[in-house]
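Each residue takes its place number in the sequence, starting with 1.
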Amino acid sequence: MRLFTALRPPSDVVAAVALSLGEPGPGLRWSLPEDWHVTLAYYGEADPDERTAELVPALAGCPAVDVRLTGPGTFPGVLWLGVEGDGLTRLAEAAGADQEERPYRAHLTLARYPRERRGAAEPWTRRLAGFSSREWTAGEVVLMGSGGTAGPRYRELRTFPLSAAGT
């Protein structure tokens with residue numbers, strides 16, 4: 001099973017993004033709102049129990065993070081919303097993002113498209129240019145799994161609570 005850790009936006013933030021998007025258009029493979037998340041670290045094929053054993057001490061005592069979704073951007077073949085929050089990068093590093101080959105860039109993937117269709121996401125980046133969600137406190141990290149099962153694309157396997165502010 002492919003594993004990663006993530007923050008899940010609250011339902012009202014998901015609804016605000018969906019409202020701002022409007023009806024998803026053709027040419028992009030849209031992620032379902034119920035799958036939206038902010039990846040902290042990606043582990044690839046891994047055993048959930050082994051990863052949990054590593055994450056328990058790594059995330060112990062990490063503080064909750066106040067985050068908000070911001071305007072859109074693209075990577076080759078990916079349309080996303082940015083994510084801002086003090087302490088977000090430190091939390092991602094604690095979860096293991098510092099072991100990845102590329103620098104951590106917090107984002108929420110909205111859609112994918114063929115890399116050779118560079119302008120495919122342009123109408124959506126214009127539509128979402130001024131988007132900013134409300135700020136929310138991410139109080140837990142979720143170990144997610146994908147692949148190998150029927151049903152939702154991603155499954156929540158385990159949650160790791162973060163420390164409340166000031167504790």
Side-chain angles (χ1 to χ4, degrees), residues 1-44 46 48 51 55 59 62 64-89 91-92 94-97 100 102-115 120-162:
M1 177 178 291
R2 289 182 302 279
L3 302 178
F4 61 95
T5 45
L7 303 177
R8 300 294 298 256
S11 59
D12 66 309
V13 171
V14 169
V17 173
L19 183 64
S20 294
L21 272 176
E23 192 63 36
L28 282 77
R29 291 184 319 273
W30 293 93
S31 298
L32 297 174
E34 57 267 24
D35 286 338
W36 289 346
H37 63 273
V38 178
T39 300
L40 294 173
Y42 178 75
Y43 312 113
R51 183 54 61 180
L55 288 169
L59 295 173
C62 286
V65 179
D66 293 331
V67 294
R68 89 170 51 251
L69 301 178
T70 60
T74 60
F75 299 135
V78 178
L79 169 66
W80 49 263
L81 285 175
V83 184
E84 296 176 350
D86 289 341
L88 186 57
T89 300
L91 181 59
E100 295 183 30
R102 57 182 174 232
Y104 180 70
R105 175 130 190 210
H107 66 281
L108 184 145
T109 298
L110 296 172
R112 298 184 184 281
Y113 55 92
R115 289 176 178 244
E122 190 174 318
W124 303 102
T125 58
R126 283 195 310 271
R127 175 179 284 187
L128 295 167
F131 182 82
S132 182
S133 76
R134 74 165 177 87
E135 185 175 87
W136 81 91
T137 300
E140 67 182 15
V141 171
V142 182
L143 178 63
M144 308 278 292
S146 68
T149 62
R153 180 170 178 184
Y154 304 120
R155 292 185 327 174
E156 293 188 10
L157 303 175
R158 171 83 193 262
T159 58
F160 304 89
L162 300 172

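A distance of 10.0 Å separates CG in Leu40 from OG1 in Thr89, rounded to the nearest 0.5 Å. Distance CG/Leu143 to CG/Leu157: 5.0 Å, rounded to 0.5 Å. The line from CZ of Arg105 to OG1 of Thr39 is 14.0 Å long, rounded to the nearest 0.5 Å. The OH atom of Tyr42 sits 12.0 Å away from atom OG1 of Thr5, with the distance rounded to the nearest 0.5 Å. Note that OH of Tyr43 is 15.0 Å distant from CE of Met1, once rounded to the nearest 0.5 Å. Annotation: the span from Arg153 atom CZ to Asp35 atom CG amounts to 7.0 Å, rounded to 0.5 Å.
Between Val14 and Trp36, the shortest heavy-atom distance links the atoms O-CZ3, 3.5 Å. Counting all heavy atoms, side chain and backbone alike, Leu3 lies closest to Gly145 at CD2-CA, 4.0 Å. Residues Ala106 and Val38 come closest through the heavy atom pair CB-CG1, 4.4 Å. The two atoms that bring Val65 and Leu88 nearest to each other are CG1-N, 4.0 Å, heavy atoms only. The nearest pair of heavy atoms linking Pro123 to Ala120 is CD-O, 3.6 Å. When every heavy atom of Ala41 is checked against every heavy atom of Ala97, the shortest pair comes out as CB-N, 3.5 Å.
Classification of the His37-Tyr154 ring pair by plane angle, with boundaries at 30° and 60°, yields perpendicular.
Applying the side chain to side chain donor-acceptor pair (under 3.5 Å) test to residues at least two apart or on different chains, the pairs with a partner in residues 121-130 are Glu122-Arg126. Residues in residues 24-34 take part in no salt bridge (charged side-chain N to carboxylate O under 4.0 Å, His left out) pair, two or more places apart or across chains.
At least one side-chain heavy atom of Pro10 sits less than 4.5 Å from a side-chain heavy atom of Arg134. Using a 4.5 Å cut-off on side-chain heavy atoms (C-beta onward), Val83 and Leu7 make no contact. Contact of the Tyr113 side chain with the Thr74 side chain is registered, since non-hydrogen atoms from C-beta on lie closer than 4.5 Å. Side-chain contact check for Trp136 versus Asp66: every heavy-atom pair is 4.5 Å or farther apart. A heavy-atom distance below 4.5 Å is found between the side chains of Leu28 and Leu79. Residues Leu81 and Pro72 form a side-chain contact, since some pair of their non-hydrogen atoms from C-beta on lies under 4.5 Å apart. Side-chain contact between Glu156 and Met144 is present, with at least one heavy-atom pair separated by less than 4.5 Å. Contact check for Leu55 versus Val141: no side-chain heavy atoms found under the 4.5 Å cut-off.
Without hydrogens or angle criteria, Arg68 side chain to Ser133 main chain gives a donor-acceptor distance under 3.5 Å.
Within a 6.0 Å sphere centred on CG of Asp12, heavy atoms belonging to other residues, nucleotides or ligands number more than 12.
Residues satisfying the salt bridge (charged side-chain N to carboxylate O under 4.0 Å, His left out) test with Arg51, not counting sequence neighbours, are Glu54.
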